[in-house]
Amino acid sequence: MSLLLNLDHTLGCGQVFRWRKEGDLWKGVVDGHAAKLRQKADGAQVISGMDQTSFDRYFRTDDELEKVYRELSFDPVLGDYFTRYRGLRLIRQDPWECVASYALATNANIPRIQGMIERVCRTFGTEMDDGSYAFPSPEQLLDRCHRADGCGLGYRTDRFIELARLVHREKVDFSALMDMEYMDCARELVALPGIGNKVADCVALFCLDHLEAFPVDIRIKKAMAQLYGAEGSYRKVSAFARERFGHWAGYAQEYIFYAFGR
DNA sequence: CGTGGACCTGCTGGA
DNA sequence: TCAACCAGGTCCACT
């Protein structure tokens, strides 16, 4: 079984925060297991920590990347990116880890975001065999939430804890959010603490299967203005993208984001 | 609804 | 070394 998948692009483009490359090995934590992967010509080899089901789910192997390329290549810019970053796939993250991580990722640069998340994992998460730490559950977090003060989250602390509380009390139904229309999903997410338009779109896209979501952060904002002359409010720019790229808008976003970060 | 400020804090690009 | 018109926004106030 071969799969079009480039680990460097997929795990290094910025959609996930905790994967690290050591030598030719990508190391991360998926579903509470320390995972190790290695790039092969026809896909990725699982060294440890993932079974086929987990792998297929995580790397969205059902998404036909060639089909995405075909349907979006009417756009010359994307056509170029597809050639250069061939094999970059969207990942299906764990919903709780995804909302929590992106709620922390506001108004901070990537190194700091990674630092905050790492400290949260080390402070509250379960230690794995290889010495790494899993992302903590809402319960683990709430159990000793005063320790969050030592994680350097700044003003995000209260929002973060409150978010954990809501998820723990099952006030957030990820399964329902996944089933409803993208617009409804985004509207509900924005009502949660620490979540605005941008984070809501990241969550919709990266863990709730709403592939038409088009998160607009500062980098994408500049890119869209430069590439398409699309400017204005958040709603304006993201709507422009969804109209142009349709149900694959999320894939378009990820390639543009990656291209503009290099 | 859209826009302007304030906002924790520290990684790291530029004085 | 050091500051910070910075950094993958959000929230609140107000037109």
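Because the structure is a prediction, the values reported are computed rather than measured. Here is the naming used below: chain letters follow the sequence lines, and residue numbers restart at 1 for every chain.
Distances shorter than 4.0 Å separate none of the side-chain N or O atoms of R159(A) from OP1 or OP2 on dT10(C).
Here P193(A) lies in heavy-atom contact (under 4.0 Å) with sugar-phosphate atoms only. Within 4.0 Å (heavy atoms only), R235(A) reaches sugar-phosphate atoms of the nucleic acid but no base atom. I220(A) comes within contact range of no nucleotide atom at all, as no heavy-atom separation falls under 4.0 Å. Across all strands shown, G154(A) has heavy atoms under 4.0 Å from base atoms, whether or not it also approaches the sugar-phosphate. When heavy atoms are screened at a 4.0 angstrom cut-off, Y234(A) is found touching no nucleic acid atom at all. Within 4.0 Å (heavy atoms only), L192(A) reaches sugar-phosphate atoms of the nucleic acid but no base atom. As judged by a 4.0 angstrom heavy-atom cut-off over every strand, G14(A) is placed among the base-contacting residues. Note on I218(A): only backbone sugar-phosphate atoms sit closer than 4.0 angstrom, heavy atoms only; bases stay farther off.
Side-chain contact annotation: D201(A) with Y182(A), donor-acceptor N/O pair under 3.5 Å present.
The residues R89(A) and D63(A) are annotated as not salt-bridged, no charged nitrogen and carboxylate oxygen being separated by less than 4.0 angstrom. One finds no salt bridge joining E162(A) and R156(A) here, because no Lys/Arg side-chain nitrogen approaches an Asp/Glu carboxylate oxygen to under 4.0 Å.
What separates CD1 of I117(A) from P of dG8(C) is a distance of 13 Å, to the nearest Å. Whole-Å rounding puts the I113(A) CD1 to dT9(B) C1' distance at 13 Å. Look at CG on L163(A): it is 12 Å from P on dT10(C), rounded to the nearest Å.
Positionally, the nearest nucleotide of DNA chain C for R219(A) lies more toward the 5' end than for the other of V190(A) and R219(A).
There is a path of hydrophobic side-chain contacts, each under 4.5 Å, that joins Y85(A) to F206(A).
For the pairing with Y69(A), the side chain to side chain donor-acceptor pair (under 3.5 Å) check across Y255(A), W248(A), Y81(A) returns one residue only, Y255(A).
Aromatic ring centres of F214(A) and F257(A) lie farther apart than the 6.0 Å criterion allows.
Under a cutoff of 6.0 Å and an axis angle of 45°, R144(A) and F124(A) do not form a cation-pi pair.
In this structure, the nucleotide among dG9(C), dG8(C), dT9(B) sitting nearest to the side chain of C202(A) is dG8(C).
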Is there any protein nitrogen or oxygen under 3.5 Å from a nitrogen or oxygen in nucleotides 12-15 of chain B, and what are the pairs?
none

